[in-house]
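Chain naming here is simple, since letters A, B, ... match the order of the sequence lines and numbering starts at 1 in each.
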Amino acid sequence: MLAKHKNLKLFRYYHSQKNPKINPLRHLLCNPFCTTTESPELPSWIKSPDTQNSDEDFVIPSLASWVENYKLHDPTRLASEKSDTDIDRVCKTLKKNRFPSPDEVVQALNGCCVSASNGLVKQILRRFSNDWVPALGLFTWAKTQTGYRHTPEIYNSMVDILGKFKKFDLMWGLVREMNDLNDGYVTLATMSRVMRRLARGSKYDEAVEAFRGLDKFGVEKDAMAMNLLMDALAKEKSAEHAYELFREFNGCVPLSAGTFNVLIHGWCKARKLEDAEKTMDEMRKHGFVPDVVSYTCFIEHYCHEKDFRKVDEILKEMQDKGCKPNVVTYTIVMHALGKAKQINAALEVYAKMKSDGCLPDTSFYSSLIFILSKAGRIRDANEIFEDMKKQGVMPDVLTYNTMISSACAHSQEENALKLLQKMEEDSCKPNFKTYAPLLKMCCKKKRMKVLNFLLSHMFKNDVSIDVGTYALLVRGLCRSGKLELACSFFQEMVAKGMVPMDATYKMLMEELNQNSMAKAKEQIEQLMSQAKARECV
DNA sequence: ATAGGGTTAG
C-alpha cells in the first residue's frame with residue numbers, strides 16, 4: 001500500500017495541472033494543500049487489487065539540477081506566490097473544467113481579468129491544438145475584447161484545429177466569417193488547410209468542391225492552388241481523385257512540371273506503377289522533361305519494394321539522360337538499404353554520394369545515424385552525430401529524435417535524457433515524436449519519476465498529448481501493471497474528445513478483467529461507447 | 001506542402 005501511495009505522489013506535478021472534476025483520483029492524491037483528515041481515497045472503480053508495483057529509482061547526479069528545474073515550475077507553488085503570467089492564468093482556467101462547449105469557456109474567461117493579445121492567443125492555440133473546445137472558446141472570447149483583433153495567421157490556426165477534429169461545419173463557418181471581414185483574410189494558406197483537412201477526413205468531394213469555390217473567397221484558382229489540392233489528395237492515398245481533378249482542370253489552369261510530379265508521387269505511393277508511368281509519358285507529351293523529382297518518386301517506390309535491382313536501373317537511366325541524383329535521392333536509397341539490413345551497401349551509397357560531390361544535409365545525416373543505430377553500430381552513430389556538427393550541418397529535431405530513439409532502444413536511459421537536455425541547450429524544439437520513445441521506456445522500466453518529469457517537460461514545450469501518445473501510455477502502463485494510471489489516461493483522452501483505438505481499449509479491458517477490476521471495467525466500457533457515440537455525431 | 005521523416009513487440 002505504501003509503495004502504491006508513493007508512486008502516485010510522484011505524479012503530483014502533472015496531476016495538479018489536470019482537471020480535478022474529471023479526474024478525482026488525481027485531485028485527491030495530488031493536491032498538496034489537501035487538508036481533509038480522511039486518507040485520500042481512490043474512486044472505487046479505479047482501485048486495483050495488486051500492490052506490488054514498486055518503482056525503481058532512477059537518479060543521475062549530473063541531471064539532477066536540470067530535473068529539479070522542471071519541478072520548480074510546479075504551478076501549485078507558483079499559485080501561492082501569485083507570480084503567474086497571463087498565459088499561465090488562462091491555461092489554468094482552461095484546464096480547470098472540462099468545458100462542454102466553447103460558450104462555457106468564454107464565460108469562464110470573462111471572469112479571468114486577462115487582456116487578450118495576439119501573442120497570448122497564438123501560444124494558447126498551440127498548447128491546445130489537441131483540445132478544440134478550449135481553443136475555440138479562447139478564440140471566441142478574444143474577439144469580444146475591445147481593441148483586440150485576430151491576425152489572419154491566428155484565424156488560419158483555428159481553422160486548422162477545427163479541421164483536425166473534423167468539425168467541418170464550424171470550420172466553414174470560420175472561413176465565411178473571415179471572408180466577411182473583407183480584408184483579404186482568406187488566402188490560399190487558409191484554403192490549403194481547409195482542403196488538406198477535408199482530404200485527411202476522407203471528404204474528397206468536399207475538398208474538390210472547396211477548390212471549385214475558391215473564387216468565392218477571392219482566392220485565385222491557379223496552378224499553385226490546384227497542385228496543393230492534388231498533393232493533399234495524393235498524400236491521402238487518393239491519387240485517383242487527384243487525377244480526376246487534373247483532367248477536369250487541364251486547360252483551365254496552367255500546368256507545370258510540379259503538377260505531373262505530384263501525380264507521379266501519388267501513383268507511386270499508391271503502388272500504381274502503370275499509372276505513374278502513364279503520367280510520366282503525359283508529362284513528356286506536354287513538353288516537360290522528367291526531372292530528378294520524377295525519377296526519385298520511382299526510386300522511392302522500388303526501395304519500398306526492396307527491389308534494388310530496379311533502383312539501379314533507374315539510377316542508370318538517370319545517368320544516361322544526364323539527370324543527376326541529389327541528396328534526397330541518395331538518402332532514400334541509403335535509408336532503404338540500411339532498413340533492409342544491407343548496411344555495407346548503404347554505406348557504399350554514402351561513399352558514392354561523396355565522390356559525386358553531393359553534400360549531405362541534416363536529413364541525410366539523420367538517416368545515416370538511424371541505419372547505423374539499427375545495425376547496432378551505436379558508436380559509429382555517435383561519431384557521425386559529432387562529425388556532422390564539425391561539417392557545419394546542425395542537427396535538427398529529427399536528428400535528435402533519431403538519437404534519442406536509438407538510446408532508448410538500447411536502454412541507455414541516461415544518454416537519452418542527456419540528449420533531451422542537449423536539445424534544449426541547442427534551442428531545438430522537441431515534438432511528440434521526441435517524447436514517445438522516452439515515455440515508452442519509462443513505462444516499461446517503471447520509472448515513474450522520470451515519466452512525471454517528461455510529462456511536465458512536454459507541457460512546458462507546448463507539446464500536447466495526442467491520440468498516439470495516449471495509446472502508448474495506456475499500453476505501456478498496462479504492461480507494467482499500473483492499471484490505475486492507465487485508466488486515468490484513458491479517461492483523460494476521452495474527455496479531450498479523442499476516440500481510443502480499439503486495440504488500446506481491448507488491452508485495457510483485458511488487463512482489468514484479469515485483475516478482477518469489475519467497476520473500472522464498467523467505467524472504461526462506458527467511456528468508450530461515449531467516445532464512439534460522439535464520433536458519429 | 002513537388003521527392004527523403006524508422007510500423008511492430010517479444
Side-chain angles (χ1 to χ4, degrees), chain A residues 156 160 188-189 191-197 199-200 223-236 239 242 246 255-269 276 279-280 283 288 290-304 314 318 323 325-341 346 349 353 358 360-375 381 395-406 408-409 431-434 436-437 440-441 443-444 468 471-472 475-476 478-479 501 503 507:
Chain A
N156 288 346
D160 198 53
L188 185 57
M191 296 311 288
S192 151
R193 286 163 205 244
V194 168
M195 294 188 295
R196 279 191 191 283
R197 288 305 180 187
R200 174 87 50 103
M224 204 195 268
M226 185 175 83
N227 288 0
L228 267 170
L229 174 58
M230 281 188 4
D231 185 57
L233 293 167
K235 289 228 167 84
E236 294 310 313
F246 164 71
L255 300 173
S256 65
T259 313
F260 292 97
N261 284 339
V262 166
L263 284 170
I264 291 172
H265 183 228
W267 292 126
C268 284
K269 277 261 144 101
T279 302
M280 187 119 120
M283 181 179 186
F288 296 103
D291 58 13
V292 60
V293 177
S294 332
Y295 286 112
T296 302
C297 291
F298 284 95
I299 288 182
E300 189 191 11
H301 171 263
Y302 288 118
C303 278
H304 193 248
I314 296 175
M318 287 172 76
C323 177
N326 64 16
V327 62
V328 178
T329 321
Y330 285 118
T331 307
I332 290 170
V333 178
M334 179 186 70
H335 193 94
L337 284 166
K339 260 172 76 176
K341 300 200 170 134
V349 173
M353 183 175 97
C358 174
D361 62 7
T362 302
S363 287
F364 179 87
Y365 276 119
S366 301
S367 252
L368 183 54
I369 289 169
F370 172 74
I371 62 168
L372 285 170
S373 314
K374 195 163 169 75
D396 68 358
V397 60
L398 177 64
T399 322
Y400 273 109
N401 288 359
T402 309
M403 291 292 292
I404 288 174
S405 173
S406 152
C408 290
N431 58 25
F432 72 95
K433 284 183 182 164
T434 313
K440 216 192 260 176
M441 177 180 72
C443 290
K444 193 168 163 189
L472 169 164
R475 255 194 340 250
C478 267
R479 277 200 198 101
M501 291 179 276
M507 177 171 193

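- Considering only residues two or more places apart in sequence or on other chains, F364(A) meets the ring pair (Phe, Tyr, Trp, His ring centres under 6.0 Å) condition with Y350(A).
- Among dA3(B), dG5(B), dA9(B), the nucleotide with an atom closest to any side-chain atom of R475(A) is dA9(B).
- Between E236(A) atom CD and dT2(B) atom C1' there is a gap of 16 Å when expressed in whole angstrom units.
- Counting non-hydrogen atoms under 4.0 angstrom, F364(A) reaches a base of the nucleic acid.
- Considering only the side chain of S192(A), dA1(B) comes nearest among dA9(B), dG4(B), dA1(B).
- Taking atom CG of residue L188(A) and atom P of nucleotide dT2(B), one finds them 11 Å apart after rounding to whole Å.
- Between N261(A) atom CG and dA3(B) atom C1' there is a gap of 8 Å when expressed in whole angstrom units.
- Between R200(A) atom CZ and dA1(B) atom C1' there is a gap of 11 Å when expressed in whole angstrom units.
- Atom CG in N156(A) sits roughly 14 Å away from atom C1' in dA1(B) (whole-Å rounding).
- For the C1' atoms, the distance from dG5(B) to dA9(B) is 22 Å, rounded to whole Å.
- A donor and an acceptor atom sit less than 3.5 Å apart, one in the side chain of N326(A) and one in the base of dA3(B).
- Between K444(A) and the phosphate of dA9(B), there is no side-chain N or O to OP1/OP2 separation shorter than 4.0 Å.
- Remark: the backbone N or O of T434(A) is paired with a side-chain donor or acceptor of N431(A) at under 3.5 angstrom.
- Among the atoms of the strands shown, base atoms are found under 4.0 Å from some heavy atom of L398(A).
- Distance, F260(A) CZ to dA3(B) P: 17 Å, rounded to whole Å.
- Residue D291(A) is out of contact with every strand shown, counting any heavy-atom pair closer than 4.0 Å.
- In this structure, H301(A) does not reach the dA3(B) phosphate: none of its side-chain N or O atoms is under 4.0 Å from OP1 or OP2.
- The phosphate of dA9(B) has OP1 or OP2 within less than 4.0 Å of a side-chain N or O from K440(A).
- The side-chain heavy atoms of C268(A) and E300(A), taken from C-beta on, include no pair separated by under 4.5 Å.
- Here dA1(B) presents its C1' atom at 11 Å from CE of M195(A), a figure rounded to the nearest Å.
- The side chain of R479(A) lies closest to dG10(B), out of dA3(B), dG10(B), dT2(B).
- Nearest to the side-chain atoms of D396(A) among the listed nucleotides dG5(B), dA1(B), dG10(B) stands dG5(B).
- In terms of the salt bridge (Lys or Arg N to Asp or Glu O under 4.0 Å) criterion, residue partners of D160(A) (sequence neighbours excluded) are, by chain and number, R197(A).
- Here T259(A) lies out of heavy-atom contact (under 4.0 Å) with every strand.
- Residues R196(A) and E236(A) are not paired through a salt bridge, judged by the lack of any N-O separation under 4.0 Å between the basic side chain and the carboxylate.
- In this structure, K374(A) reaches neither bases nor backbone, as no heavy-atom distance under 4.0 Å exists between it and the strands shown.
- In this structure, a donor-acceptor pair under 3.5 Å is present between the side chains of T259(A) and S256(A).
- Under 3.5 Å, the side chain of D361(A) and the base of dG4(B) form at least one donor-acceptor pair of N or O atoms.
- Distances shorter than 4.0 Å separate some side-chain N or O of K269(A) from OP1 or OP2 on dG4(B).
- Nucleic acid contact class of S367(A) (heavy atoms, under 4.0 Å, all strands): none.
- When rounded to the nearest whole Å, the span between CZ of F298(A) and P of dA3(B) equals 15 Å.
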